[in-house]
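Whatever order the structure lists ligands and atoms in, that order sets their numbers, starting from 1. Side chains are part of it too, since the values below use all heavy atoms of this structure and drop only hydrogens, waters and symmetry mates. Quick note: residue numbers are just sequence positions, from 1.
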Amino acid sequence: MEIRVEKGSAEKYPCELLILFSFEFPEPLEGPMKNVDLEWKGFISSLMNQGDFKGELFERKLFYTQGALPAKRVLLTGLGKRGEFDLEKWRGAASKAGQYVRDAGIKKFAFQIKKFDRLAEEELAESFVTGLLLGTYQYNELKTLEREKIKEIGEVILLGETTGELNSLNRGTETGRIIAEAVCMARDLVNGPSNKITPTSLAEKAQQIAKDHGMEIRILEVSQAEAVGMGAFAAVAKGSQEPGKFIILERNKNKGYDTIALIGKGITFDSGGISIKPSEGMERMKDDMSGAAAVLTMMQAASKLRIPLHLVGIIPATENLPSGKAYKPGDVLKTLSGRTVEVISTDAEGRLILSDALTYSLRYQPKAIIDLATLTGACVIALGDYVIGLFGNDESLLKRIEKSSEKTGEKVWRLPLWDEYFEYLKSDVADFRNVGARAAGAIIGGIFLSKFVEKIPWAHLDIAGPASIERDRPYIPKGGTGVGVRLVIQLLRDWGKG
Ligand code: BES
Ligand code: ZN
Ligand code: ZN
């Protein structure tokens, strides 16, 4: 989809289709909607007065203008009650309007952005573009039948009137596009099946990103990871025929910027290993690399946005499979930190590979470590699929994440890391066990990770719930969601603002 910014106003612009938004009746029409209404001899006001278009949230109605306007068609879209409006609803409305246009088979539309209330053109444009691109995302790569029925919007024109407006629209559009493309790329990786998205393919993707954006990259083979002491990562990787990769991407090295380490769980398929999972629903476990997908794509977006930070992206990538070479319950592993771990369940593999990644990140002396992981089924039970479980050891980092969450609409909810729960992780034969009791599973997973970050400010995002969803949301189609990408990018964008 091409998105262009042009000088013009809604009531005067000739196009296939014009999108107009309004709050719910009886709010007065304003901005471009009002100008179009005047030009159209009060057509929209009379629709609203008679209740044929109410402006309810996400209500959509298409009209032919029959020559009354330069635009051939107009799509009215409701924003709901004015007092309840926010950027999250705006992203949803942009998506719903875009879906309507796409499904009607129309290839092009125009839309004029004008600031209102506290919302300036730049953020309106950014959120509009984000909502539009995310809401019209489709994963069709692997379908071969009826490809001619796949519908896509070709071109979108954002209209502004003054030079100031046009500059703001250009900036907002560019930012929105970069971020949305990162999320869509993460979704492609999550939706991709595990016979296609392997540790090797993730490493290739990382290599491509490094090349395109001048980043440093290191990829350790499992034998190399084992040789430097990553006994936990190596143990998980050795059960699979598919070679594991420990990927390190680094941008803005030695430039004096603050260092942030981003760590993503990259299990490209989680069968559970020897502690094998029930087969029902096991296909979903291709999404166990959602954290890795988010880290890869946010590294790319941070680079395109020129965020002034030294970023280190660390992705331990491997399958978790049973085999004659697989690690087993009862095994004791030596982690990179030097601590030993007794394996109780080979299905608690995420925390094992992450423990080595967390320890590895310490060598960069980061100002903050953020990990994203589809870590526990318990987090899905506790919080469902709308919310990221948020854990950490540093109040100010957690507050920053909560702020980004409010801005982006990617919901987070804090869970505690109380010491009392650590009891469950004590082992008779090693320093820790990798599994506690059944109760408080998400918390115990977090506590396990906390043992590997020393005193560095750290946040753990358990994305097991929202990483992929079964029902469409206003601007998140079902399937892989790319959750966490927008949240963390917002945090990075705001980092210098304290
Ligand atoms: N990848 C799973 C967690 C998961 C479950 C993600 C459901 C998404 C949906 C993880 O590796 C796992 O299997 N965790 C175990 C831990 C347990 C053995 C302590 C779990 O949650 O059951
Ligand atoms: Zn598992
Ligand atoms: Zn897993």
Side-chain angles (χ1 to χ4, degrees), residues 190-191 194 197 199 202 232-233 235-237 239-240 242 244 263-294 315-322 326-331 333 341-357 371-389 391 415 421-422 424-425 427 432-449 460-470 478-481 483-484:
V190 175
N191 288 327
S194 75
I197 307 299
L202 289 180
F233 171 71
V236 176
S240 168
E242 204 47 77
I263 300 179
K265 173 176 173 182
I267 297 289
T268 56
F269 187 73
D270 183 11
S271 71
I274 297 294
S275 315
I276 199 159
K277 289 179 182 293
S279 56
E280 199 186 316
M282 208 200 267
E283 67 282 356
R284 196 199 145 176
M285 283 301 127
K286 69 174 183 177
D287 79 5
D288 214 17
M289 37 57 75
S290 298
I315 295 168
T318 167
E319 294 184 327
N320 183 26
L321 291 185
Y327 78 131
K328 305 174 291 300
D331 287 0
L333 315 176
V341 179
E342 179 190 7
V343 177
I344 302 299
S345 167
T346 62
D347 198 11
E349 83 298 339
R351 61 198 71 183
L352 295 174
I353 65 169
L354 288 172
S355 69
D356 281 343
D371 79 71
L372 297 99
T374 43
L375 200 73
T376 65
C379 199
V380 191
I381 302 298
L383 299 175
D385 62 5
Y386 270 96
V387 189
I388 298 171
F391 305 78
L415 291 169
Y421 287 101
F422 179 51
Y424 295 107
L425 287 175
S427 161
F432 322 121
R433 324 163 9 126
N434 76 333
V435 165
R438 261 175 74 83
I443 294 175
I444 289 173
I447 292 190
F448 184 91
L449 298 181
H460 160 52
L461 304 173
D462 192 333
I463 56 173
S468 61
I469 59 174
E470 277 161 22
K478 66 181 173 201
T481 60
V483 73

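Residue Thr376 approaches ligand 1 through these ligand atoms, each under 4.0 Å from one of its heavy atoms: 3 (C), 21 (O). Those atoms of ligand 1 with a heavy atom of Thr374 less than 4.0 angstrom away are 1 (N), 2 (C), 3 (C), 6 (C). If you number the atoms of ligand 1 from 1 as listed, the ones under 4.0 Å from a heavy atom of Glu349 come out as 11 (O). Per-residue contacts place Met285 under 4.0 angstrom from the following atoms of ligand 1 (heavy atoms of the residue considered): 1 (N), 4 (C), 5 (C), 6 (C), 7 (C), 8 (C), 9 (C). Remark: ligand 1 atoms within the under-4.0 Å shell around heavy atoms of Lys265 are 1 (N), 10 (C), 11 (O).
At least one heavy atom of Arg351 sits less than 4.0 Å from an atom of ligand 1. Residue contacts with ligand 1 do not include Arg438, since none of its heavy atoms lies under 4.0 Å from the ligand.
The tally of protein N/O/S atoms under 2.8 Å from the Zn ion (ligand 3) stands at 4.
Across all non-hydrogen atoms, the minimal contact from Pro199 to Glu242 is CD-CG, 4.0 Å. Between Pro329 and Ser275, the shortest heavy-atom distance links the atoms CG-OG, 3.7 Å. Closest approach of Val190 and Ala293 over heavy atoms only: CG2-CB, 4.0 Å. Between Arg284 and Ala467 the shortest heavy-atom distance is NH2-CB, 4.3 Å.
Counting non-hydrogen atoms of neighbouring residues, nucleotides and ligands closer than 6.0 angstrom, the CZ atom of Phe269 exceeds 12 such neighbours.
With hydrogens left out, the protein atom closest to atom 10 (C) of ligand 1 is Leu375 O, 3.3 Å, a heavy atom. Counting protein heavy atoms only, atom 21 (O) of ligand 1 is closest to Gly377 N, 2.7 Å. The closest protein non-hydrogen atom to atom 2 (C) of ligand 1 is Asp270 OD2, 3.5 Å. Of the protein's non-hydrogen atoms, Asp347 O, 3.1 Å is the one closest to atom 12 (C) of ligand 1. At the top of the distance list for atom 6 (C) of ligand 1, counting protein heavy atoms only, stands Ala464 CB, 3.6 Å.
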Query raised in the report: Going through the checks in order, is the side chain to side chain contact (heavy atoms under 4.5 Å, CB included) test met by Ile443 and Phe391?
Result: CA-CA 8 Å; Ile443 294 175; Phe391 305 78; 4.3 Å; yes

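The shortest N or O to N or O distance between Arg284 and ligand 1 is not under 3.5 Å. Below 3.5 Å of separation, one finds no N or O of Ser345 facing any N or O of ligand 1.
For Asp371 and Lys265, the salt-bridge test fails: no basic side-chain N is under 4.0 Å from an acidic carboxylate O.
Without hydrogens or angle criteria, Ser271 side chain to Ile276 main chain gives no donor-acceptor distance under 3.5 Å.
Note that CG of Asp385 is 13.0 Å distant from CD1 of Ile463, once rounded to the nearest 0.5 Å.
Of the options Asn191, Thr374, Asp287, Thr481, a side chain to side chain donor-acceptor pair (under 3.5 Å) to Ser468 is made by Asp287 and by none of the others.
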